[in-house]
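For reference, the structure discussed in these notes is given below.
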Amino acid sequence: MFCNSKNGEKSPSIAEKSLLLRFIFTTMEISSKYSPQEVEGKWYEHWMDKNYFHSTPDEREPYTIVIPPPNVTGVLHMGHMMNNTIQDILIRRARMQGKNACWVPGTDHASIATEAKVVNKLAQQGIKKTDIGREEFLKHAWDWTHEHGGIILKQLRRLGCSCDWERTSFTMDDIRSKSVIRAFVDLYNKGLIYRGVRMVNWDPKALTALSDEEVIFKDEHSKLFYLRYYLHEDDGTGATGAEGEIIHTDEKGRRYAVVATTRPETIMGDTAMCINPADPKNQWLRGKKVVVPLVNRVIPVIEDDYVDIEFGTGCLKVTPAHDVNDYMLGEKHNLQSINIFNDDATLSEAAGMYIGMSREDCRKQIIIDMKEAGLLEKIEDYNNKVGYSERTNVPIEPKLSMQWFLKMEHLADIALKPVLNGDIKFYPAKYVNLYRHWLENIKDWCISRQLWWGHQIPAYYLPEGGFVVAETPEEALKLAIEKTGNKNLTLKDLRQDDDALDTWFSSWLWPLSLFNGILDPDNAEFKYYYPTNDLITAPDIIFFWVARMIMAGEEYQNEVPFKNVYFTGIVRDKLGRKMSKSLGNSPDPIELIDKFGADGVRMGMMLSAPAGNDILFDEALCEQGRNFCNKIWNALRLVKGWNVDENAVQPEAAKMAVKWFEARFNQVLAETNDNIDKYRLSDALMGIYKLTWDDFCSWYLEMVKAPQGQGVDPATYAATIQFFEHLMLMLHPFMPFITEEIWHAIAERKDGDDIIVAQQPKIQAVDKEALEQYAFLQEFVNNTRGQRSKLNLPNNESIELEIEDTESSWWEKIICVANKLCNIKVNFAKKREKSSICFMVVTKTIGIVNNHIDIEAEIKKLEEDLKYQQGFLKSVEGKLSNEKFVNGAPAAVVEKERKKKADAEERIASIMQQLNELKK
RNA sequence: GGGAGCUUAGCUCAGUUGGUUCAGAGCAUCGCCCUUACAAGGCGGGGGCCGUUGGUUCGAGUCCAACAGUUCCCACCA
């Protein structure tokens, strides 16, 4: 429907369309409601046509953001909305500051999540991934990716995101894949990557190992089971122990120890019982053997001070294959390790019983059987923490297996420095502590995953054992021949490792690999854009991603990957609950945009999003954003409705208004810039909001409005248009669509004169005197309106004031403006005569002539005020007569106290005078 | 178990190195207005022992300590 600038054939250009729009404005009534649906798509298309989002290196200062890549098959949620709104604000602002802004979008292959989805889909068709093999499976995975991928990037366009779409990348595209492989080979050659058998976190649903970061510990109400372990070869005569020993005997006199465990289903893997050698209760067990209940395996009692004497009975069952600590004990005491679980956590042949049963069922059954066999002493309630897989939400099973690891000591070391010395700044700064603590206690990173969807580990196994690591099979073959001396080896003899790499092993290179900085670190783009400027992300991936990107940046470039990290909060619902599908409290962002407009939603997000704080999202905030759009829209309707009278002379009131607003604008502009520089975006937006709504609409426009039926003078009109433009410039990064629309509606624009590429207004010196005058006027008008309200005076009836005139020219200016705002009639007099009651503006006393006033009430109020002022004066005088204060406090503070004293005295005098007059 | 943060109006939050008439903002609420840009609006108003208790100081929302409540992170006690 809209013109494409690449076509020679031109339908109306956007400039022509705006002309049309201006024509419509001036000739016919338009809706008082702003309609984002008619505006947003049009401008996004225009920006794309003009290629404004695309960046190439030039002589300007670069400003770069790389997107935290969302899952390729994901859909937009509120977290993305907030995160990307912030990025777009920063990018648009940088563009308007004359920087070469480049925001690189892309997606992440999300190894586990995507593979799980594809496995599920195949399962519905009755297909197992192992049946079809790796190659066939990957075909399905790519199909899935192409079918469902990239939706989220399209949704970002609705939000207005000005990403450089030509740079859209994917963690599994060619350059990114090759970068990952090269990094792996490089780190392996540096000796930082090794392969070994270790206890890892096993996800029995996804059937893969996980890193420590992918395990989430949850509080669980579970049970502590107390089981009998009979003494081996006990004659049944029982025994009395030494002082302090606790020896259990059954009805036949046989002795047994009691073990407390939360996981009775692992007894088939027990290969020892462990006591603390210093435990007086259990001395009688030293050197003995016990029998595992039900299983009837004889196991030794070992001694280790790892065991907590106070916990349970002080006896610990040791299952080296299924518990991290037991594994350590097993290593230390040279115990046998019996793996009783299959990969999917069902009981294996090795368990000898309950074969094929799930862990959960086995636990239930084993307790029943124990009870029957009289081997269960008791069951207690117990709260403990159980590790769950972040992805599949099933309990992790510790498992001994062969995996690839990345050594962390060196990388942690180089990643710590830039954050501690401030080369990278965190907002909020509190995350620095967290970061340091993690890096200082880091363990090696398990980077292999038993998955197919991802980057396959470039290790190639040789027929005679051993392996080589290389970027390509061909290179691997060369290495293999070198290594073995066997020149007859062919590619077919090499078998590549089946495992894929952890997804984060590709995302940690993101800021480098996006500009091809791993494969070709000398390329011009990389040199121009790297390091990037700001990273906007959530604190829950500070270890997964942020820390590791810093490691990679330092390792490969000896330079930080970004200079600032802005941590957003978690988006919650208005009750403070996390948004989740099951609670149904997560609004669909696209529906929100349909309802409130992208600008409205963006404002709603930003109004309550201070860095690092969780935000409690409420649709009402979007409503506020939408209302703000309407307000701006109506200001446009007003201004566009004005007729310019070329012969009109600028009235004094308008002259003042222009001067005042200009001063106010410059003040807020400076504050806003400062707020944004400190990443206080919600404060910045609120400042612009109030400047626009209050100062511009409620005060300025009311002050300069020409009387009904008259035209506006050219000077005032020009100033108003310029103010309006400046406001839109400030607001554009936050609300891009409506500001572009207004930009084109208020003035004729040449081709390419679009707000998105316009420059931010420059800060001018603030006219402090004008600001003071403006503040006085506001107080004067507010108080007058307050009096009117109290008097119940209708708006169309003048409120008559009496002012003791001491500086008539100054007052005249104030009055002529105030007149436009609050319908007053002013009498100047040397001394007030007609008025019986007064109100005060700063230190000036204004009399009210309209005399249908409750004198008694007025007296009472004045007396209360007098009391307050006297009390205040007393406290100020107290301070000033305190030598320690006068000598100790800074001179400026003392001076201010003196001013307070003088003001208070003036007010008190005025109040007393009024009281005297009223009481006459 | 260890560590960090938070507690200010009905709600969400500002409050910068202790010193403005310091107790603030937005929203919500209440009253009056369909005043010719805007009722998704205008004008006006109410509302808070700044979590509690001590301490430092001439002076504390701001600094210190303890306590209470709350949130998050880390950790191998079965």
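Every chain is numbered from 1, with letters handed out A, B, ... down the list of sequences. Remember, predicted model here, so these are calculated numbers, not experimental data.
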Using a heavy-atom cut-off of under 4.0 Å over every strand shown, decide if [X] touches base, sugar-phosphate, or nothing.
X: Asn796(A); result: nothing
X: Arg680(A); result: sugar-phosphate
X: Trp642(A); result: nothing
X: Arg898(A); result: nothing
X: Val894(A); result: nothing
X: Tyr306(A); result: base
X: Tyr382(A); result: sugar-phosphate

Task: side chain to side chain donor-acceptor pair (under 3.5 Å) partners of Lys332(A), counting only residues at least two apart - done: Asp304(A)

- [ ] Quick one: list whatever passes side chain to side chain donor-acceptor pair (under 3.5 Å) with Arg572(A), sequence neighbours left out.
- [x]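 Per chain and number, Arg572(A) pairs via side chain to side chain donor-acceptor pair (under 3.5 Å) with Asp614(A).
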
Not counting sequence neighbours, which residues clear ring pair (Phe, Tyr, Trp, His ring centres under 6.0 Å) with [X]? List them please.
X: Phe217(A); answer: none
X: Trp438(A); answer: Phe543(A)
X: Tyr700(A); answer: Phe661(A), Phe696(A), Phe723(A)
X: Phe628(A); answer: Tyr689(A)

Open item on the list: Tell me the interatomic distance from Trp633(A), atom CH2, to G41(B), atom C1', rounded to whole angstroms.
Closed with: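 Taking CH2 of Trp633(A) and C1' of G41(B), I get 17 Å after rounding.
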
Check: protein-nucleotides 30-37 of chain B nitrogen or oxygen pairs below 3.5 Å:
residue: U36(B); atom: O2; partner: Gln708(A); partner atom: OE1; Å: 2.4
residue: U36(B); atom: O2; partner: Gln708(A); partner atom: NE2; Å: 2.5
residue: U36(B); atom: N3; partner: Gln708(A); partner atom: OE1; Å: 3.4
residue: A37(B); atom: O2'; partner: Asn634(A); partner atom: OD1; Å: 2.7
residue: A37(B); atom: O2'; partner: Arg637(A); partner atom: NH1; Å: 2.8
residue: A37(B); atom: N6; partner: Cys697(A); partner atom: O; Å: 3.3
residue: A37(B); atom: N6; partner: Glu702(A); partner atom: OE2; Å: 2.9
residue: A37(B); atom: N3; partner: Asn634(A); partner atom: O; Å: 3.0
residue: A37(B); atom: N3; partner: Ala635(A); partner atom: N; Å: 3.3

Task: Residues forming a salt bridge (charged side-chain N to carboxylate O under 4.0 Å, His left out) with Lys281(A), sequence neighbours excluded - done: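 Once residues adjacent in sequence are excluded, the partners of Lys281(A) under the salt bridge (charged side-chain N to carboxylate O under 4.0 Å, His left out) criterion are Asp279(A).
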
Open item on the list: Applying salt bridge (charged side-chain N to carboxylate O under 4.0 Å, His left out), can you list everything that pairs with Arg680(A), at least two apart in sequence or on another chain?
Closed with: Asp683(A)

Open item on the list: Testing the 3.5 Å rule here: is there a donor-acceptor pair between the side chains of Thr784(A) and Gln787(A)?
Closed with: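 No - no donor-acceptor pair under 3.5 Å links their side chains.
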
What pairs of nitrogen or oxygen atoms, one from the protein and one from nucleotides 57-65 of chain B, lie under 3.5 Å apart?
residue: C58(B); atom: O2'; partner: Asn882(A); partner atom: ND2; Å: 3.1

Distances for protein N/O vs nucleotides 72-75 of chain B N/O pairs under 3.5 angstrom?
residue: A75(B); atom: N6; partner: Lys385(A); partner atom: NZ; Å: 3.0

Open item on the list: Which helical stems does RNA chain B take part in, if a stem means at least 3 consecutive Watson-Crick or G-U pairs with both distances below 3.5 Å?
Closed with: B:1-7 with B:68-74, B:10-13 with B:24-27, B:29-33 with B:41-45, B:51-55 with B:63-67

